[in-house]
Asks: 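Take this structure, written in structure tokens, and hold onto it; I'll ask about it next.
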Amino acid sequence: MKTEDINNDLRYLELLSKTYPTIAEASTEIINLQAILNLPKGTEHFLADLHGESAAFQHVLKNASGNIKRKVNEIFGNQIRESEKRDLCTLIYYPEQKLELVKESDEDIDDWYHITIHHLVKVCREVSSKYTRSKVRKALPEEFSYIIQELLHERTDDADKSAYVSAIIDTIVTTGCAEDFIIAISNVIQRLAIDRLHILGDIYDRGPGAHIIMDTLTDYHKWDIQWGNHDILWMGACAGNDACICNVIRLCLRYANMTTLEEGYGINLIPLATFALDTYGDDPCAEFIPHANGSDEAMDDKTLLLTARMHKAIAVIQFKIEAQLIENHPEWNMADRCVLNYIDYKRGVYCFDGNEYPLSSNHFPTIDPERPNQLTEEERILIKKIHRSFRISEKLRKHIQLILRHGCMFAVVNHNLLFHASIPLNEDGSLKEVELLDGKRYKGKELMHNIGMIVRTAFQGDNKTPERQHAIDYFLYLWSGKDSPLFDKSKMATFERYFIKEKETHLEEKGYYFKLRDNEDVCDRILDAFEVKEPNRHIINGHVPVHVKTGENPIKANGKLMVIDGGFSMPYHKETGIAGYTLVYHSRGFQLVQHEPFTSARDAVLRGTDIKSTTQIVEMSSHRMLVGDSDLGEEIGAQIADLQKLLYAYRHGIIAEHERKK
């Protein structure tokens, strides 16, 4: 080490010396960091396309996609029966509910407490073994922190400590703390089973509990999100983009799931219902009957018809507002999506690209054929009320701010490139340049980064500067623009699917990324562009459900790409044949978990059922990955190098040791 190198970093080292004021403290921290580098890498959990299915999401979090079950099997093997292992797992997932059942059925509850606490301590010891004592201590509940630490670090197979451990557990039971302790340690196991959660987009739409998922994430220890197209839609709605607001409401009505809107965020839909009854009261709105959402609560005929009329009302307003935005932004090249311009209202025919298609319905009481994209006065008043309802929703703003804080368009984590949908490509597989708001063209990493900056601009301040207004407008392009990395299709055929029977008009041709992503060279080109280092690098994304029943494989490009659309959304289950995939990346390698549909938490508690899942071993490493092999390892290595410079500065009198201020 050269003295001139130290002098170049002198100001930084003087700041560092305030944290480590002596040779002893700096040396101790180096020893600590060096030891951490040799711990196993923390387990990462990858989920995608949650789509409001909060119950299934929470269950997958609780069971860590089978990671806890795997640990229980490894620990106990044939020592206890399969039914006992299943009951133990259920207890860990749902401790409060399971305890109530056990108390009703078990005649010797104290004996059950003793046995169960011993088992839970073993599981907790296993899941905590890859972390430092300091990190484990921070995860422990304050009221039982000392007791859990003692039980984790003392073993009953040590003859000198067996009585000590037994006495602790006896006292937990005799003092009436057993239930609280079981709940606490079960939650610790859940917490430590996964070190970091990655959500590859689409928390929102279709299912009823997106707000519940966001509430869960608010308190989750470590997570990130790569924004999906449905997240962007809700972000645009929160920012005040009326086209996004209309799309959000339309999708909720389409799947008959207004829970997130009304109960979650307090969005008032009464003005829309009143307008729909007044305007479409004699319209059967057959095209707008809601899709089955998989719930057990069937709508009565009256509610179904009202929902359909609200659905049509907001859809027509959406088509108008979208056209206004598209006309204001000719650079988007989306004139073909000004769909109301292509209708012959007298004949009830859609005329486009030299073809004519009869409309299934020609009842448009709010459309002036001469000015089809102009809102009526009633529609303007309605959208103003709905706009205000979105803008004043504190909980919606809180959740969108959380997504902004934890998210971006992409991430590179431990040699894995994460994004939701696609990277725009040319036909030859090269990265496609896309023009953004500044008039410049970007591709690959720069494109994704700059789109992220545009999204953030939409939430900076309350003044509608031209730059901020353009950013707010841009959410519509991100939702449905041809070169949007979150869409990447020829068009969004919303209008055609509602009003035209000819299937060829429904076609949304996918971009070249989706056509070429099974090509290993193309994946390598993308990984190179994002500076993802070898070896064992991967692309992981979701967005497009994997159709297992037709033979589609989620592992593509010779293992370089993994598609893990979670398939949580109930409407997709019949289409895909499964409830999607999740991915676990632990120190031994990758495990891709294929799920069957989740029934309910009640079934899990009463019958010990779980998500029935099969695990495909994607990639197992001959060398167990350590913290030193991860991104965190690189950061720690840099910290060690800085501390070594500080030691050199102390020992050569460049910086003087000093006492820590009390």
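From a predicted model like this one, the values you see are computed outputs, not experimental measurements. Numbering of residues begins at 1 and proceeds along the displayed sequence.
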Asks: So, His230 versus Tyr204, ring centres under 6.0 angstrom or not?
Replies: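 No, they do not, as the ring centres are separated by 6.0 Å or more.
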Asks: Side chains of Tyr280 and His363: is there a donor and an acceptor less than 3.5 Å apart?
Replies: no
Asks: I'd like to know if the side chain of Ser430 and the backbone of Asn426 have a donor-acceptor N/O pair within less than 3.5 Å.
Replies: no
Asks: I'd like to know if the side chain of Ser422 reaches the main chain of Pro485, judged simply by a donor and an acceptor atom lying under 3.5 Å from each other, with no hydrogens or angles considered.
Replies: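 Yes; at least one donor-acceptor contact below 3.5 Å.
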Asks: Taking all non-hydrogen atoms of both residues into account, name the closest pair between Phe419 and Asn541 and its distance.
Replies: O-CB, 2.7 Å
Asks: Just by modelled atom types, is the Pro290 backbone N or O under 3.5 Å from a matching donor or acceptor in the Arg254 side chain?
Replies: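 No, the answer is negative, given that no donor and acceptor are paired below the 3.5 Å cut-off.
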Asks: Strictly by salt bridge (Lys or Arg N to Asp or Glu O under 4.0 Å), give each pair with a member in residues 345-370 just once, sequence neighbours left out.
Replies: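 Non-adjacent pairs meeting salt bridge (Lys or Arg N to Asp or Glu O under 4.0 Å): Asp344-Arg347, Arg347-Glu356, Asp368-Arg371.
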Asks: For the NZ atom on Lys440, are there more than 12 heavy atoms of other groups (residues, nucleotides or ligands in this structure) within a distance under 6.0 Å?
Replies: no
Asks: With a 6.0 Å cut-off (strictly less than), is the heavy-atom count around CZ of Arg388, excluding the residue itself, greater than 12?
Replies: no
Asks: I'd like to check the side-chain hydrogen bond (donor to acceptor under 3.5 Å, both in side chains) partners of Trp234; sequence neighbours left out, ordered by chain and number.
Replies: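 Partners of Trp234 by the side-chain hydrogen bond (donor to acceptor under 3.5 Å, both in side chains) criterion, ordered by chain and then number, come out as Asp205.
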Asks: Hey, is NZ on Lys510 packed in by over 12 heavy atoms from elsewhere, all under 6.0 Å?
Replies: no
Asks: We want to know whether Glu378 and Thr279 form a side-chain donor-acceptor pair, criterion being a heavy-atom distance below 3.5 angstrom.
Replies: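 Side-chain D/A pair, Glu378 to Thr279: absent.
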Asks: Hey, mind stepping through Phe499 and Tyr350 against ring pair (Phe, Tyr, Trp, His ring centres under 6.0 Å) and telling me if it holds?
Replies: CA-CA 9 Å; Phe499 289 107; Tyr350 187 72; 9.5 Å; no
Asks: Verify, without hydrogens or angle tests, whether His51 (side chain) and Arg206 (backbone) share a donor-acceptor contact under 3.5 angstrom.
Replies: no
Asks: Kindly determine whether Arg517 and Val522 satisfy side-chain contact (heavy atoms from CB on, under 4.5 Å), including the steps that lead there.
Replies: CA-CA 7 Å; Arg517 64 181 180 170; Val522 170; over 6 Å; no
Asks: Residues two or more places apart in sequence or in another chain: which of them pass salt bridge (Lys or Arg N to Asp or Glu O under 4.0 Å) with Asp518?
Replies: none
Asks: Is the backbone of Gly481 close enough, under 3.5 Å, to the side chain of Trp332 for a donor and an acceptor to pair up by distance?
Replies: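 It does not hold such a pair.
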Asks: Let me have the donor-acceptor pairs involving side chains of residues 451-458, under 3.5 Å, with sequence neighbours excluded, atom names and distances please.
Replies:
unit_1 : atom_1 : unit_2 : atom_2 : d
Arg456 : NH1    : Leu404 : O      : 2.8
Arg456 : NH2    : Leu404 : O      : 3.4
Arg456 : NH2    : Gly407 : O      : 2.6
Thr457 : OG1    : Met453 : O      : 2.9

Asks: Residues two or more places apart in sequence or in another chain: which of them pass salt bridge (Lys or Arg N to Asp or Glu O under 4.0 Å) with Asp473?
Replies: none
Asks: Between Asn328 (side chain only) and Gln324 (backbone N and O only), is there a donor and an acceptor less than 3.5 Å apart?
Replies: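 Flag set: sc Asn328 to bb Gln324 pair under 3.5 Å.
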Asks: To check you understand the geometry: which heavy-atom pair defines the closest contact between Phe514 and Ala421, and what is its length?
Replies: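 Heavy atoms of Phe514 and Ala421 come nearest at CE2-O, 3.9 Å.
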Asks: Under the rule for side-chain hydrogen bond (donor to acceptor under 3.5 Å, both in side chains), what residues qualify as partners of His387, not counting sequence neighbours?
Replies: Asp242
Asks: Give a yes or no answer on whether the side chain of His506 reaches the backbone of Ile500 with a donor-acceptor pair at less than 3.5 Å.
Replies: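 Checked: pair present.
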Asks: For the residue pair Leu200 and Ala48, what are the closest heavy atoms and their distance?
Replies: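 Here Leu200 and Ala48 meet closest at CB-CB, 3.8 Å.
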Asks: Please test His329 against Tyr474 for ring pair (Phe, Tyr, Trp, His ring centres under 6.0 Å), starting from the C-alpha separation and ending with a verdict.
Replies: CA-CA 9 Å; His329 293 280; Tyr474 196 65; 8.5 Å; no
Asks: Restricting to side-chain contact (heavy atoms from CB on, under 4.5 Å), what partner residues turn up for Asn229, sequence neighbours left out?
Replies: Asp202, His420, Trp479, Leu486, His543
Asks: Sorted by first residue and then second, give each salt bridge (Lys or Arg N to Asp or Glu O under 4.0 Å) pair with at least one member in residues 390-410; sequence neighbours left out.
Replies: Asp215-Lys395
Asks: Among pairs that include at least one residue of residues 320-331, which meet salt bridge (Lys or Arg N to Asp or Glu O under 4.0 Å), considering only residues two or more places apart or in two chains?
Replies: Lys320-Glu379
Asks: Looking at every heavy atom in both Leu561 and Tyr513, which two are closest together, and how far apart are they?
Replies: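 Nearest heavy atoms, Leu561 then Tyr513: CD1-OH, 3.8 Å.
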Asks: Does the separation of the ring centres of Tyr265 and His399 fall below 6.0 angstrom?
Replies: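 Centroid separation for Tyr265 and His399: below 6.0 Å.
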Asks: Could you check whether any side-chain N or O of Ser393 sits under 3.5 Å from a backbone N or O of Ser389, counting only pairs where one atom can act as donor and the other as acceptor?
Replies: no
Asks: Taking all non-hydrogen atoms of both residues, which atom of Met258 and which atom of Cys252 are closest, and how far apart?
Replies: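 In this case the closest contact between Met258 and Cys252 is SD-O, 3.7 Å.
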Asks: Is there a donor-acceptor contact under 3.5 Å from the side chain of Arg441 to the main chain of Glu433?
Replies: yes
Asks: Sorted by first residue and then second, give each salt bridge (Lys or Arg N to Asp or Glu O under 4.0 Å) pair with at least one member in residues 474-493; sequence neighbours left out.
Replies: Lys432-Asp483, Lys489-Glu508, Lys491-Glu496
Asks: Starting from the C-alpha separation in whole Å, work towards a yes-or-no answer on side-chain contact (heavy atoms from CB on, under 4.5 Å) for Phe495 and Leu359.
Replies: CA-CA 10 Å; Phe495 177 86; Leu359 299 178; 4.0 Å; yes
Asks: Under the rule for side-chain hydrogen bond (donor to acceptor under 3.5 Å, both in side chains), what residues qualify as partners of Thr303, not counting sequence neighbours?
Replies: Asp300
Asks: Check step by step if ring pair (Phe, Tyr, Trp, His ring centres under 6.0 Å) holds for His45 and His198.
Replies: CA-CA 6 Å; His45 196 188; His198 305 288; 9.6 Å; no
Asks: Check salt bridge (Lys or Arg N to Asp or Glu O under 4.0 Å) between Asp336 and all other residues, then give those that pass, not counting sequence neighbours.
Replies: none
Asks: Going by distance alone, is a donor N or O of one side chain under 3.5 Å from an acceptor N or O of the other, for Tyr498 and Glu287?
Replies: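 There is no such pair between these side chains.
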Asks: What are the two closest heavy atoms between Pro284 and Asp282, and how far apart are they?
Replies: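 Pro284 and Asp282 have their closest heavy atoms at CD-O, 3.8 Å.
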Asks: In Å, rounded to the nearest 0.5 Å, how long is the span from CZ of Arg309 to CG of Leu272?
Replies: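 It is 13.0 Å, given to the nearest 0.5 Å.
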Asks: Is there a donor-acceptor pair closer than 3.5 Å between any side-chain N or O of Ser480 and the backbone N or O of Met492?
Replies: no
